[in-house]
Amino acid sequence: MNAGAQALLGARDLARSLHGRVPIAVASNNPRAFVTTALVSAGLDNFFTHMYAAEDVTNPKPAPDLHLTACAALNADPTRSIAFEDSPTGVAAARAAAMHVVGVPSLPGVTLAADTIFPSLTHPTLTHWATTVA
């Protein structure tokens, strides 16, 4: 098992800004045990109302099932929801769910076909949005 996972720079601040103000969930293509360990080790485990992993759906990403399951649990309309994705597979899944996709590549050189792209979660426009959205 993974001994720990480093959060993307700015992830805790972004999650902290959104927590309690808008419903947020994790929809990961990884196995549940990995996602749980990663969230705990990154200090993100207390910010999300729901967490869904690959085994929670019949069709994982790039199918929209994970995103649609998370939206349903949050009672959120996917067309009025935002997905933060760091991979082409995740972007494809969020697009298939009809969500607005914010791309934040976690690896250098990755190109994402997202609606909005930020080089990091610390981008001033993104952090400003996170503190003002309601």
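We number each residue from 1, following the sequence as shown.
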What verdict does the side chain to side chain contact (heavy atoms under 4.5 Å, CB included) test give for Leu74 and Thr49, after you've listed the backbone C-alpha separation in whole Å, the side-chain angles of each residue and the deciding distance to 0.1 Å? CA-CA 8 Å; Leu74 297 173; Thr49 310; 4.1 Å; yes

Assess whether side chain to side chain contact (heavy atoms under 4.5 Å, CB included) is satisfied between Val26 and Tyr52, documenting all intermediate values. CA-CA 6 Å; Val26 172; Tyr52 296 98; over 6 Å; no

Could you please spell out the steps behind the side chain to side chain contact (heavy atoms under 4.5 Å, CB included) verdict for Thr127 and Asp13? CA-CA 8 Å; Thr127 57; Asp13 290 337; over 6 Å; no

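The heavy-atom pair separating Asn30 from Ala53 by the smallest distance is O-CB, 3.2 Å. In terms of heavy-atom proximity, Ala93 sits nearest to Ala63 at CB-O, 3.3 Å. Closest approach of Phe48 and Ala25 over heavy atoms only: CD2-C, 3.8 Å. Residue Gly90 comes nearest to His67 through the heavy atom pair O-NE2, 3.8 Å, listed as atom of the first residue, atom of the second, then distance. Counting all heavy atoms, side chain and backbone alike, Leu8 lies closest to Ser106 at CD2-CB, 3.8 Å.
Using a 4.5 Å cut-off between side-chain heavy atoms of Ile, Leu, Val, Met, Phe, Trp and Tyr, with links allowed through other members, Phe118 and Val110 fall into different hydrophobic clusters. There is a path of hydrophobic side-chain contacts, each under 4.5 Å, that joins Leu39 to Leu121. Val133 is connected to Leu126 through a chain of hydrophobic side-chain contacts under 4.5 Å among Ile, Leu, Val, Met, Phe, Trp and Tyr, so both are in one cluster.
Looking at heavy atoms from C-beta onward, Ile117 lies out of side-chain contact with Val104 at the 4.5 angstrom threshold. Annotation: side chain of Trp129 is in contact with side chain of Leu18 (closest heavy-atom distance under 4.5 Å). With contacts defined as side-chain heavy-atom distances shorter than 4.5 Å, the pair Arg80/Met99 does not qualify. At least one side-chain heavy atom of Thr36 sits under 4.5 Å from a side-chain heavy atom of Met51. The side-chain heavy atoms of Leu66 and Ser28, taken from C-beta on, include no pair separated by under 4.5 Å. Contact check for Phe47 versus Leu14: no side-chain heavy atoms found under the 4.5 Å cut-off. Side-chain atoms of Leu112 and Pro88, non-hydrogen and from C-beta on, do get closer than 4.5 Å to each other. Here the side chains of Val102 and Asp115 are not in contact, with every heavy-atom distance at 4.5 Å or above.
In this structure a side-chain-to-backbone donor-acceptor pair under 3.5 Å is present from Arg95 to Ala113. When atom types are taken as modelled, the side chain of Arg32 and the backbone of Asp56 share no donor-acceptor pair closer than 3.5 angstrom. Counting only distance, with no hydrogens or angles, the side chain of Asp65 and the backbone of Pro60 share no donor-acceptor pair below 3.5 Å. The backbone N or O of Ala54 lies less than 3.5 Å from no partner atom in the side chain of Lys61, so there is not a single donor-acceptor pair. The backbone N or O of Pro105 sits nowhere less than 3.5 Å from a side-chain atom of Asp86 that would complete a donor-acceptor pair.
Between the side chains of Thr122 and Ser120, at least one donor N or O sits under 3.5 Å from an acceptor N or O. Side-chain contact check for Ser81 and His100: no donor-acceptor pair (N or O, by modelled atom type) lies under 3.5 Å.
Atoms CG and NE2, from Leu9 and His123 in turn, are 13.0 Å apart once rounded to the nearest 0.5 Å. Between the CG atom of Asn46 and the CZ atom of Arg12 there is a distance of 12.0 Å, given to the nearest 0.5 Å. One distance of note links CD1 of Ile82 with CD1 of Ile24; it measures 12.0 Å at 0.5 Å rounding.
Within a 6.0 Å sphere centred on CG of Asn75, other residues, nucleotides and ligands contribute 12 heavy atoms or fewer.
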